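Only one structure is covered here, and it is reproduced in the block below.
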There are 2 protein chains.
Amino acid sequence: MQRPAELDLPGVTPSRQKRSRETTAALLQVGAEMLRTHSLAELSIDALCRQVGATVGAFYSRFESKDAYFNALIELAARDGGSRLSRMREDRRLTEADLAELSRLLVRGTIGWIRNHEGVLRAALQHDDTRPDRWSTFKGLARANVADATPILLSAMGRGNKAAKTRAISFGFQVVLGTLVNAILNDPGPLSIHDREIEARLANCLLLLLQAEMAAPAARSSRGRKKQLRRSQG
Amino acid sequence: MQRPAELDLPGVTPSRQKRSRETTAALLQVGAEMLRTHSLAELSIDALCRQVGATVGAFYSRFESKDAYFNALIELAARDGGSRLSRMREDRRLTEADLAELSRLLVRGTIGWIRNHEGVLRAALQHDDTRPDRWSTFKGLARANVADATPILLSAMGRGNKAAKTRAISFGFQVVLGTLVNAILNDPGPLSIHDREIEARLANCLLLLLQAEMAAPAARSSRGRKKQLRRSQG
DNA sequence: AAATAATCATAATCGTAATTCGGATTATGG
DNA sequence: CCATAATCCGAATTACGATTATGATTATTT
């Protein structure tokens, strides 16, 4: 999944010999895999090492702590996401596509990445513990994704009302990502993250939100129609 | 928030005196409140009891374990959700409303419930630990919600294509609930669960999904338009 | 090949918070 | 008021897994 690239991560002892580089890589790889079916709490260092064919001693000579280990997993997933974004920026297809096609491509790309890192992502979402919110790394990635997509989508959405359209785009991604997050965390149905259909459905959902904004009355307060709710309720 | 109704829950020792009924209620109430700002792991029995003005001994004479305690919190939130559903079933407004109004009412009701139980819900979502998925209780509630709403929405969506429309409704709720789950768990922005605007936006999103299905070509395979994606991608 | 550094193995430690236990204390019924 | 059960107290126990310590291996260098 991830090439044995050089890891230089806080809490990860740099390897000076091939052997240790391999155990580091194996620990990361196997751990990410185990997280597909176990929570982080359930993944004990001992069990992990047994799977890998290493020992806790080896683990601790590579990683400062379980915490640092998990951070490394997160960082790797995030880096992979970052490189996906880079590739996207250079993708000629995006500048030529219409709005429907763009929605499809953007949603599909995101889903692919999520599927690739399902275990680590779920673990990062759950992670009760402490404060410095592990998920924040991915929040940044999501923001970058939206930031990248926004100008492209805007140019496919025609002139005028840029601010309102930008908000619609942001909200559209909030909806798409929210649905996906819930899918990997709870698999609530009807569609699972692994269903083919979820791609088309979500892409269409995004498209509808964007089209609705394009069709919205251009008066000041472009969301006038949506603000009809006044009545209160218990 | 929850009246001192009789609790009869597995793992909760039935109270035979007023005093203990009060400590049980206080422990549940204060704990639910503390979970708004702390994770379940961070909520130690000791800290909880200090807040309540009780002792761990009292806690364990009321609850079998921390686990049972948390289950009780979940059950209470779920019961409250259930009674919201009951109220909804008898609400005359729903039979008269049009689709837009229905979307608003349904979404608003759900959001209200979520806000009321934000802490417990977040904790249930995170909860690394063990298997029998704590969230499943809420999954059942969500299913019941969809089951209740479906016939009402169907009748507001006109004749024909009932199967496709039902799928659209299910997916619509998946999207709405997913967005809300992500909002309480990660608050990814732009809209937080506490923003007024999220109600209108999500209601509109649901409406758009349903309207799109109504407008879909009525041929067999009513989602023909959405299934245009054929090309593969790396 | 010896010396030195890096890595690994294994068995102890340690920390943390849940849980238990043996009395106090408080309520209830006669 | 007394007897009895229910509840509460809080220090000690326990469980569990991360972490550390120490001593082997294995690689690198000269």
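Proteins come first, then strands; the chains are lettered A, B, ... in the order of their sequence lines, and each starts at number 1. Treat the numbers as computed from the prediction; the structure is a model and nothing was measured.
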Base, sugar-phosphate, or nothing for T55(A), non-hydrogen atoms under 4.0 angstrom? base
Could you give me the stems involving DNA chain C, meaning stretches of three or more consecutive Watson-Crick or G-U wobble pairs whose two defining distances are both below 3.5 Å? C:1-30 with D:1-30
Polar atom pairs between nucleotides 14-23 of chain C and protein, under 3.5 Å, N or O only, would you list them?
{"residue": "dA18(C)", "atom": "OP1", "partner": "K66(B)", "partner atom": "NZ", "Å": "2.7"}
{"residue": "dA18(C)", "atom": "OP2", "partner": "I45(B)", "partner atom": "N", "Å": "3.1"}
{"residue": "dT19(C)", "atom": "OP2", "partner": "Y60(B)", "partner atom": "OH", "Å": "2.6"}
{"residue": "dT19(C)", "atom": "OP2", "partner": "K66(B)", "partner atom": "N", "Å": "2.8"}
{"residue": "dT19(C)", "atom": "O5'", "partner": "Y60(B)", "partner atom": "OH", "Å": "3.4"}

Partners of R115(A) by salt bridge (charged side-chain N to carboxylate O under 4.0 Å, His left out), sequence neighbours excluded? E199(A)
Atom pair CG/NE2 of L76(A) and H117(A) - distance to nearest 0.5 Å: 8.5 Å
Identified side chain to side chain contact (heavy atoms under 4.5 Å, CB included) counterpart of F59(B) within the set T24(B), T23(B), L48(B): L48(B)
With side-chain contact (heavy atoms from CB on, under 4.5 Å) as the test, would you mind laying out the steps for N71(B) and R134(B) before giving the verdict? CA-CA 8 Å; N71(B) 282 334; R134(B) 250 51 167 294; 2.9 Å; yes
Distance col, row N204(B):CG vs L208(A):CG, nearest 0.5 angstrom, shows 10.0 Å
Chain A footprint on DNA chain D, 5' to 3' - any atom under 4.0 Å from a heavy atom: dA18(D) to dA27(D)
Ignoring the backbone of R16(A), work out which of dA9(C), dA6(C), dC8(C) is nearest its side chain. dA6(C)
Which side-chain N or O atoms in residues 173-186 of chain B pair as donor and acceptor under 3.5 Å with protein atoms at least two apart or in another chain?
{"residue": "Q174(B)", "atom": "OE1", "partner": "L191(A)", "partner atom": "N", "Å": "3.1"}
{"residue": "Q174(B)", "atom": "NE2", "partner": "L191(A)", "partner atom": "O", "Å": "2.8"}
{"residue": "T179(B)", "atom": "OG1", "partner": "V175(B)", "partner atom": "O", "Å": "2.8"}
{"residue": "N182(B)", "atom": "OD1", "partner": "N186(B)", "partner atom": "ND2", "Å": "2.7"}

Can you find a pair of side-chain heavy atoms, one from S15(B) and one from R62(B), that are under 4.5 Å apart? yes
One should read off an interatomic distance between L121(B) CG and F138(B) CZ, to the nearest 0.5 angstrom, of 5.0 Å
Tell me every residue that passes salt bridge (charged side-chain N to carboxylate O under 4.0 Å, His left out) with R50(A), counting only those two or more places apart in sequence or in another chain. D46(A)
